[in-house]
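What follows is one structure encoded as C-alpha cells, with my remarks underneath.
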Amino acid sequence: MLLRFGFVAMSVLLENCSPSRAVTFKAYSSLRERDPGAALDKVRQTARENLLNTLRLIRHSAANNVRVYRFSSKIIPLATHPELSGWDYIGELKETLGEIGQFVRDRGMRVSFHPDHYTLINTPREEVLEASIRDFAHHCRLLEAMGLDARAKLVTHVGGGYGDREKSLQQFLQNWERLPRLITDRITLENDDRTFTARDVLYLAEKLGLPVVLDLHHHLCHRDGGSSLEEITPRFLNTWRDTELSPKIHTSSPRGEKDRRSHHDYVDPDHLYPFLKLAREYGQDLDVMVEAKKKDQAMFRLVKDLCGFPGIKKIDEANLEFS
DNA sequence: ACCTGTCAAGTCTGG
DNA sequence: CCAGACTTGACAGGT
C-alpha cells in the first residue's frame, strides 16, 4: 500500500513564506480612520501576498514530491467579516487562485482546508450557525475559484458539547439540513480531543455518507471506553469507499507528559507505525497529514524515520510503500 | 533585534 | 452571570 505524507499550511524550510499574514480588524479600523483608502488596500495586499506564498508552498511541495497539503484558513484576512462584506476578493484574485488550482491539478496534489474552531455545524445558536455557513461557503468559493472539484475537502469537527453530547449530536443532524450542497459535498468529519470521539464521528458520518478523517493523536487523548483502533479502522476506511480519494489520517505526538494534547515539534514514528500495521490488513493506500510544530521538516523526518521499520520501503522523501 | 500583550470569530470552566 | 482559559501565528508597540 502507498503512503503519501503531507503537511499543514506553512513551511519552516522556506523563509518569509507565511500564507497566513493577518490584518486584525483593529488595525484595519484604525487605519481606516486615518486614511480610508489605505485600509482596504492593506487587506488586499496581504491577501495577495498570502496567495503568492501559497503558490511558493505548493511549488516547494511538488519539488520535494509532497502531494498532500492543507491550505491556511487565514489566507484571506477578514474575508467573512461583516464590515468587509462588499469586498469581492474572489473576483480580484481569481487569476492567482486559478494558477494555484492549475498547479494542484497538474501535479495531482490533494489539498484541503480546515476552517478554525469558531466555525461550528452543531451550534444551537442561530447567529453562530449563520456565521459558520458563511465561513464554510467562503472556503468552498475559494476552492471553486481554483477550479478544484469536491475532492478538495473541508475538514471540520462536530462542534461543541453544550453540556449534553447526545443532544449535540442530534443538533448536528438537524443543522446539517440547513447546509447547501455546495458545502455538504466537501465536508469531512474529524474526531476531536475532548468532546466527540472517533466512534461519535463515525455514527454521524455513516448516517450522512460523509468521509472521516481519523486523528490518531486525538483518539489517544479522547476515546470512549470500548472503542479500539481495531473496531474503528475498518469503519473509518469504509467512509472513503465512494470518494475517489484515499482515506486520510492526521498524525502528531504529544508535546509533553503534562500537556499531552498539544503538538510536539516532531512525530515519533512509534506513534504511527502500529496503526499503519493495522491498516495494512485492509490493503488501502493512505494519505497521512503530519501535524507538528516543525511542519514540513517534521514530515520529512517522519518519513525518513519510518524507513527503518519492517515492511516499509522508501519511494522518495515524502512517500512510502508498505507491504 | 527582541520581548510582551493583543487579536473577529466560540465554548467551557470556575468563581 | 461574567471573566479568563483555551490555541495559534502573527501584529503592534514597547525596549
Side-chain angles (χ1 to χ4, degrees), chain A residues 7-34 38-40 42-43 45-47 49-50 53-54 57 70-87 89 113-139 154-165 167-169 171-172 175 190 192-196 215 217-218 221-222 250 252-256 258-265 289-298:
Chain A
F7 66 100
V8 176
M10 54 181 275
S11 167
V12 300
L13 304 172
L14 297 181
E15 306 255 298
N16 297 318
C17 197
S18 170
S20 314
R21 292 207 36 213
V23 181
T24 62
F25 184 65
K26 197 175 173 162
Y28 169 82
S29 303
S30 81
L31 184 53
R32 193 174 50 178
E33 267 175 37
R34 282 173 286 142
L40 189 55
K42 184 186 163 104
V43 181
Q45 181 59 25
T46 305
E49 283 169 12
N50 285 346
N53 282 340
T54 297
L57 282 155
R70 182 197 299 167
F71 293 124
S72 165
S73 268
K74 299 187 171 72
I75 206 159
I76 310 288
L78 303 174
T80 59
H81 195 286
E83 292 209 26
L84 287 89
S85 59
W87 176 34
Y89 51 90
F113 274 116
H114 195 331
D116 56 26
H117 62 284
Y118 304 110
T119 302
L120 298 152
I121 294 178
N122 79 336
T123 177
R125 293 169 54 198
E126 178 61 26
E127 68 275 23
V128 175
L129 179 59
E130 283 170 13
S132 298
I133 291 174
R134 275 199 302 278
D135 191 58
F136 282 127
H138 150 68
H139 287 97
L154 310 187
V155 181
T156 191
H157 297 287
V158 178
Y162 309 101
D164 184 341
R165 284 175 359 104
K167 198 170 146 198
S168 300
L169 282 173
Q171 184 72 248
F172 185 100
N175 291 0
E190 179 192 346
D192 67 73
D193 55 2
R194 51 191 341 160
T195 314
F196 296 106
D215 189 307
H217 180 205
H218 290 166
C221 295
H222 181 55
H250 290 172
S252 48
S253 291
R255 180 138 205 86
K258 284 242 159 60
D259 43 353
R260 294 195 56 77
R261 291 177 36 244
S262 331
H263 293 161
H264 193 92
D265 284 357
M289 182 59 86
V290 174
E291 294 186 332
K293 286 217 175 284
K294 296 288 186 188
K295 307 291 177 179
D296 52 342
Q297 191 172 47

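Within every chain, numbering begins at 1; the chains are lettered A, B, ... in the order of the sequence lines, protein sequences first and strands thereafter.
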Could you give the distance separating dG4(C) and dG5(B) at their C1' atoms, to the nearest angstrom?
15 Å

It should be established whether Ser18(A) places a side-chain nitrogen or oxygen under 4.0 Å from OP1 or OP2 of nucleotide dA10(C).
yes

Sort out the partner of dA9(B) for me: Watson-Crick or G-U wobble, both distances under 3.5 Å, none otherwise.
none

For a quick check of understanding: with a heavy-atom distance under 4.0 Å over all strands, which category does Gly161(A) fall into, base, sugar-phosphate or nothing?
sugar-phosphate

Taking only the P atom of each, what is the distance from dG13(C) to dA8(B) in whole angstrom?
12 Å

Just the rounded figure in Å: distance from P of dT7(C) to NE2 of His218(A).
10 Å

Closest to side chain of Leu120(A), choosing from dA12(C), dC7(B), dG10(B)
dG10(B)

Mind checking the P distance from dC2(B) to dT7(C)? Whole angstroms is fine.
28 Å

Examine distances only and state if a side-chain atom of Asp296(A) and a backbone atom of Phe7(A) form a donor-acceptor pair shorter than 3.5 Å.
no

Looking at the rings of His138(A) and Tyr89(A), which for Trp means the six-membered one, are their centres under 6.0 Å apart?
yes

Taking only the side-chain nitrogens and oxygens of Arg194(A), find out if one of them lies under 4.0 Å from OP1 or OP2 of dC12(B).
no

G-U wobble or Watson-Crick pairing nucleotide for dT8(C) (cut-off 3.5 Å, both distances):
none

Side chain of His263(A): nearest nucleotide among dT8(C), dG10(B), dA8(B)?
dT8(C)

Return the minimal non-hydrogen interatomic distance between Thr195(A) and Gly161(A), and the atom names on each side.
CG2-CA, 3.7 Å

Write down the distance separating the C1' atoms in dC3(B) and dC6(C), rounded off to the nearest Å.
23 Å

Compute whether any side-chain donor of one residue and acceptor of the other, for Ser253(A) and His264(A), lie under 3.5 angstrom apart.
no

Length of the line joining Ile75(A):CD1 and dA10(C):P, which is rounded to integer Å
13 Å

Between C1' on dT11(B) and CG on Asp193(A), what's the gap in Å once rounded to a whole number?
13 Å

Can you check whether Tyr118(A) stacks with the dA9(B) base, using ring centres under 5.5 Å and planes within 30°?
yes

Of all the nucleotides listed (dA8(B), dT8(C), dA10(C)), which has the minimum atom distance to the side chain of Met10(A)?
dA10(C)

Sugar-phosphate, base or nothing in reach of Ala131(A), heavy atoms under 4.0 Å:
nothing

Can you tell me if Lys295(A) has over 12 outside heavy atoms packed within less than 6.0 Å of its NZ?
yes

Atom-pair distance (OH on Tyr162(A); C1' on dG10(B)), nearest Å
7 Å

To the nearest angstrom, how far is His81(A) atom NE2 from dA8(B) atom P?
7 Å

Backbone of His217(A) reached by a side-chain donor or acceptor of His250(A) within 3.5 Å
no

Rounding to an integer number of Å, can you tell me how far Asp116(A) CG sits from dC7(B) P?
17 Å

Using a cut-off of strictly less than 4.0 Å, decide whether Thr123(A) has a side-chain nitrogen or oxygen near OP1 or OP2 of dT11(B).
yes

Relative to the 5' end of DNA chain C, which residue comes earlier, His117(A) or Pro19(A), by the nucleotide with the nearest heavy atom?
His117(A)

Rounded to whole angstroms, how far apart are CD on Glu127(A) and C1' on dA9(B)?
12 Å

Nearest-angstrom distance from the residue atom CG of Asn16(A) to P of dC11(C)
11 Å

Can you find a side chain N or O atom of Arg261(A) that sits less than 4.0 Å from OP1 or OP2 on dC6(C)?
no

Would you indicate, yes or no, if dG9(C) has its OP1 or OP2 atom less than 4.0 angstrom from a side-chain nitrogen or oxygen of Lys295(A)?
yes

